[in-house]
Amino acid sequence: MKTGQNDKEMQLFLEKIMAFANKTGIAFITGNIYGGLAGFWDYGPIGVEIKNRIKDAWWTDFVRNRDDIVGYEGAIITHPKIWEASGHLTSFNDPLIFCQGKCKKKHRLDHLVEDQLNINTENLGIDELSKIIKEKEVNCPECGGNLGEPVTFNLMFNTHIGPVQDSASVAYLRPENAQLIFSGFKNVVDSTRVKMPFGIAHTGIVFRNEISPRNFLFRVREYELMEFEYFSNPEKTNDCPDFDEIAEYELNILSQIEQDQNFEEDYRKISVGKAWEKRIFKNKWQAYWLTIFIRWFIEALGIRAEMLRLRQHMETELSHYALDTWDLEYKYPFGWKELMGCANRTQFDLAQHQEFSKSKMEFMEQTEEGIIRYIPYVVAEPSVGLGRILLTVIAEGYTEEVVKGRKRIVLKIHPRLAPYDVSVFPLQKGEKIFAKAREIFENLRTDGFIAYYDDSGSIGKRYRRHDEIGTPFCVTIDYETLEDEQVTIRNRDTMEQVRIPINNLGEELRYQKRNYKIK
RNA sequence: GCGCUGAUAAUCUAGUUUGGUUAGGAUACUUGCCUCCCAAGCAAGCGACCCGGGUUCAAAUCCCGGUCGGCGCACCA
């Protein structure tokens with residue numbers, strides 16, 4: 001990670017991005033007229049467009065355009081039993097105790113009892129733990145101070161169903177979407193003709209009562225997750241027919257090995273095929289999906305390859321349900337951080353739901369030997385926060401250039417993600433030229449483009465305004481247009497202009513959008 | 001959540017040390033004039049001391065509490 005002066009620069013960059021997002025109508029802290037609410041964000045007119053287009057790109061590429069993934073959307077307020085089965089009710093409820101002495105530090109009550117007294121705490125509740133601490137007169141391990149009364153730290157938001165608020169009416173706002181996919185698994189299997197292996201995709205808002213929200217849109221308490229669970233026959237978890245097609249793809253990797261060795265570089269380069277041969281990945285499908293997503297971020301969203309890496313979780317880092325987890329990390333202004341997570345969740349969740357609900361979670365498959373039944377195995381769970389992609393896309397795209405001695409701010413984002421496809425300007429004032437420009441603008445809209453019309457200020461000012469929000473193309477109508485039926489297309493990144501017949505306009509814009517390359 | 005630190009218009013900022021005039025400037029935005037292929041110029045307009053309490057004749061300025069941000073620690077199923 002960078003140090004010294006660079007740290008300062010990076011920090012200033014994040015602050016610049018936040019001010020930029022505010023100025024251009026991308027994102028605002030919610031309730032800011034009342035001072036703001038930490039960890040919750042509102043999206044403005046430009047932000048909501050970019051956000052929706054990112055979501056649309058994801059859904060189009062991973063659900064609509066694939067034969068092996070179907071969609072699902074669960075309820076936000078969830079059946080409480082789901083979180084008992086998933087383990088969230090125990091692992092999201094941490095018993096904590098605060099030092100009342102000098103250091104004021106916070107300790108996990110269960111860890112304290114385990115470390116200090118060597119007692120297994122697995123089945124002990126907060127009251128029992130508290131009693132043990134008092135009986136054995138355990139003090140703060142940091143400063144020896146007295147410990148106060150324990151509190152429960154619940155990372156799930158809860159609410160009550162119905163007007164009576166008692167313990168029987170408690171329900172939780174979902175902290176992840178995955179459990180809605182698992183608990184709805186039978187619904188999908190029974191209502192559609194899915195064949196193994198296949199995925200169930202889900203997008204939607206989740207709620208986590210994070211302790212300290214930080215870094216703009218990065219760590220927040222309410223955010224939209226886009227993910228799918230990819231299921232396989234547990235006997236065939238490495239049967240990945242398309243793997244060979246991507247085997248040569250070069251990945252930036254920081255596996256457990258490099259982290260154990262305190263590897264000095266940010267990552268090591270290796271092809272996914274070689275990494276699989278060396279069993280750096282534990283599952284072939286997981287390697288496949290991680291590669292597909294790396295490629296998606298680079299090619300479909302325009303993120304620079306050197307800003308992305310795959311980092312494997314250390315054994316101690318793994319969640320209770322995961323066999324192996326990889327983070328797809330982006331080099332944010334505040335360091336390498338998770339953009340997407342991809343866990344191998346095994347059969348854990350479906351088995352849990354089978355046990356708790358008494359419903360069979362088995363999948364029936366017709367094979368040459370006859371019908372076999374099994375609990376499907378989740379080989380990969382690519383799960384990504386929409387807000388984090390938005391932050392990444394803005395951080396990647398935000399560019400300052402000097403043009404003729406003046407600063408030009410350009411949001412160089414992929415045209416597929418831009419809030420407007422095209423903006424239409426009449427070059428001069430005049431009724432005829434306005435009418436022509438309006439006509440072209442309306443035709444572009446009819447033709448399926450998200451278009452904007454602007455006739456205020458100088459032409460240069462209009463270009464700059466659209467550079468800032470990332471509009472990739474501006475079409476200018478001048479007096480000659482009225483004679484020769486030609487218009488000028490101006491490119492956001494290069495500022496170059498081409499003059500083409502109006503009849504070819506839609507086709508040309510579509511071509512340029514499809515073939516867009518970020519330098 | 002703890003510690004350090006900060007908060008002046010949509011944005012950037014002067015003023016806060018040492019309380020005292022109508023809180024100054026730049027950018028952006030709106031309107032008009034002029035110009036028309038890269039934020040030109042001129043004129044006018046719009047717009048702020050984070051919230052609450054205290055001290056004082058008087059608070060943007062001093063004190064206390066809160067909110068929000070940044071950094072460090074902790075947390076990140």
Side-chain angles (χ1 to χ4, degrees), chain A residues 7-8 10-12 14-16 18-25 28-40 44 83 86-94 96-99 102-108 111 142 151 153-156 175-176 178-179 206 208-216 218-221 313 317-322 325 327 333-334 337-338 341 343 401 403-410 425-430 433 455-468 474-480 487-492 494-499:
Chain A
D7 269 356
K8 191 77 188 168
M10 299 284 253
Q11 184 192 326
L12 288 175
L14 184 68
E15 282 169 25
K16 191 180 266 187
M18 287 174 74
F20 172 74
N22 205 251
K23 190 182 162 219
T24 51
F28 309 88
I29 190 159
T30 197
N32 52 1
I33 60 166
Y34 294 107
L37 199 56
F40 301 93
W83 310 108
S86 71
H88 283 78
L89 265 181
T90 44
S91 54
F92 258 67
N93 279 277
D94 297 335
L96 295 182
I97 198 156
F98 290 88
C99 170
K102 269 193 299 221
C103 76
K104 309 277 183 219
K105 283 216 165 130
K106 176 180 67 186
H107 304 283
R108 276 280 291 271
H111 292 178
E142 291 288 325
V151 289
F153 229 69
N154 191 346
L155 270 354
M156 282 199 283
E176 67 167 30
Q179 295 309 325
V206 299
R208 298 185 193 184
N209 229 334
E210 297 285 353
I211 296 161
S212 56
R214 289 257 170 116
N215 295 330
F216 190 29
F218 187 80
R219 183 167 299 285
V220 292
R221 292 186 165 126
H313 279 208
E317 228 180 310
L318 290 171
S319 315
H320 63 276
Y321 52 71
T325 299
D327 284 348
F334 39 86
K337 297 278 179 189
E338 174 185 0
E401 298 174 350
V403 176
K404 291 188 181 163
R406 297 192 62 140
K407 187 161 84 176
R408 179 173 95 113
I409 294 174
V410 197
F425 310 148
L427 182 63
Q428 293 104 344
K429 287 201 161 81
I433 198 166
D455 60 19
S456 73
S458 74
I459 191 74
K461 191 168 252 183
R462 281 178 266 171
Y463 285 146
R464 291 295 183 276
R465 269 201 288 253
H466 282 273
D467 287 341
E468 216 171 46
C474 295
V475 171
T476 307
I477 286 84
D478 54 33
Y479 277 116
E480 278 177 49
V487 290
T488 306
I489 303 179
R490 180 261 195 189
N491 182 295
R492 176 197 67 199
T494 62
M495 296 170 54
E496 280 163 10
Q497 308 188 13
V498 288
R499 195 161 173 89

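Labels below follow one simple rule: chain letters A, B, ... track the order of the sequence lines, proteins then strands, and each chain is numbered from 1.
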Provide a list of protein-nucleic acid N or O atom pairs under 3.5 angstrom, restricted to nucleotides 42-48 of chain B.
none

Original post:
Could you run down nucleotides 24-35 of chain B 5' to 3' and tag each one B, S or - for protein heavy-atom contact under 4.0 Å?
Top reply: -----S-----B
What does the list of N/O pairs under 3.5 Å between the protein and nucleotides 4-6 of chain B look like, with a distance for each?
none

Original post:
Touch check for A/Tyr321, heavy atoms < 4.0 angstrom, all strands: base, sugar-phosphate only, or nothing?
Top reply: base
Original post:
Which residues pass the side-chain hydrogen bond (donor to acceptor under 3.5 Å, both in side chains) test with A/Arg214, sequence neighbours left out?
Top reply: none
Original post:
Taking only residues two or more places apart in sequence, or in another chain, which ones meet A/Phe20 in a ring-ring contact (aromatic ring centres under 6.0 Å, His included)?
Top reply: A/Tyr398
**OP:** Identify, with sequence neighbours excluded, every residue that meets ring-ring contact (aromatic ring centres under 6.0 Å, His included) alongside A/Phe28.
**Re:** none
**OP:** Could you tell me which residues satisfy side-chain hydrogen bond (donor to acceptor under 3.5 Å, both in side chains) with A/Lys23, sequence neighbours excluded, listed by chain and number?
**Re:** A/Glu468
Original post:
In chain order, what residues pass the side-chain hydrogen bond (donor to acceptor under 3.5 Å, both in side chains) check against A/Thr24, with sequence neighbours excluded?
Top reply: none
**OP:** May I ask you to say what A/Glu401 touches in the nucleic acid, namely base, sugar-phosphate or nothing, with a heavy-atom cut-off under 4.0 Å?
**Re:** nothing
Original post:
A/Lys404: what forms a salt bridge (Lys or Arg N to Asp or Glu O under 4.0 Å) with it, not counting sequence neighbours?
Top reply: none
**OP:** Would you please indicate if the ring centroids of A/Tyr321 and A/His88 are separated by under 6.0 Å?
**Re:** no
**OP:** Mind telling me whether A/Tyr463 and A/Phe425 have parallel, tilted or perpendicular rings, with 30° and 60° as the class edges?
**Re:** tilted
**OP:** Test for a donor-acceptor pair under 3.5 Å between the base of B/C37 and the side chain of A/Arg490, counting only N and O atoms.
**Re:** no
**OP:** Select base, sugar-phosphate, or nothing to describe what A/Asp467 touches, counting heavy atoms under 4.0 Å on all strands.
**Re:** nothing
Original post:
What's the spacing between A/Lys337 NZ and A/Asp327 CG if we round to 0.5 Å?
Top reply: 10.5 Å
**OP:** Quickly work out the A/Leu14 CG to B/G70 C1' distance and round it to whole Å.
**Re:** 9 Å
Subject >> Watson-Crick or G-U stems involving RNA chain B, each at least 3 pairs long, distances under 3.5 Å, ordered by first number >> reply: B:1-7 with B:67-73, B:10-13 with B:24-27, B:29-33 with B:41-45, B:50-54 with B:62-66
Subject >> salt bridge (Lys or Arg N to Asp or Glu O under 4.0 Å) partners for A/Glu480, two or more places apart >> reply: none
Subject >> Contacts of type side-chain hydrogen bond (donor to acceptor under 3.5 Å, both in side chains), residue A/Thr325, not counting sequence neighbours >> reply: none
**OP:** Report yes if a side-chain nitrogen or oxygen of A/Asn32 is closer than 4.0 Å to either non-bridging phosphate oxygen (OP1 or OP2) of B/C68; otherwise report no.
**Re:** no
Subject >> Under-3.5 Å donor-acceptor pair between A/Ser212 side chain and B/C75 base >> reply: no
**OP:** Determine whether any donor atom in the side chain of A/Gln428 lies under 3.5 Å from an acceptor atom in the base of B/C36, or the reverse, and answer yes or no.
**Re:** no
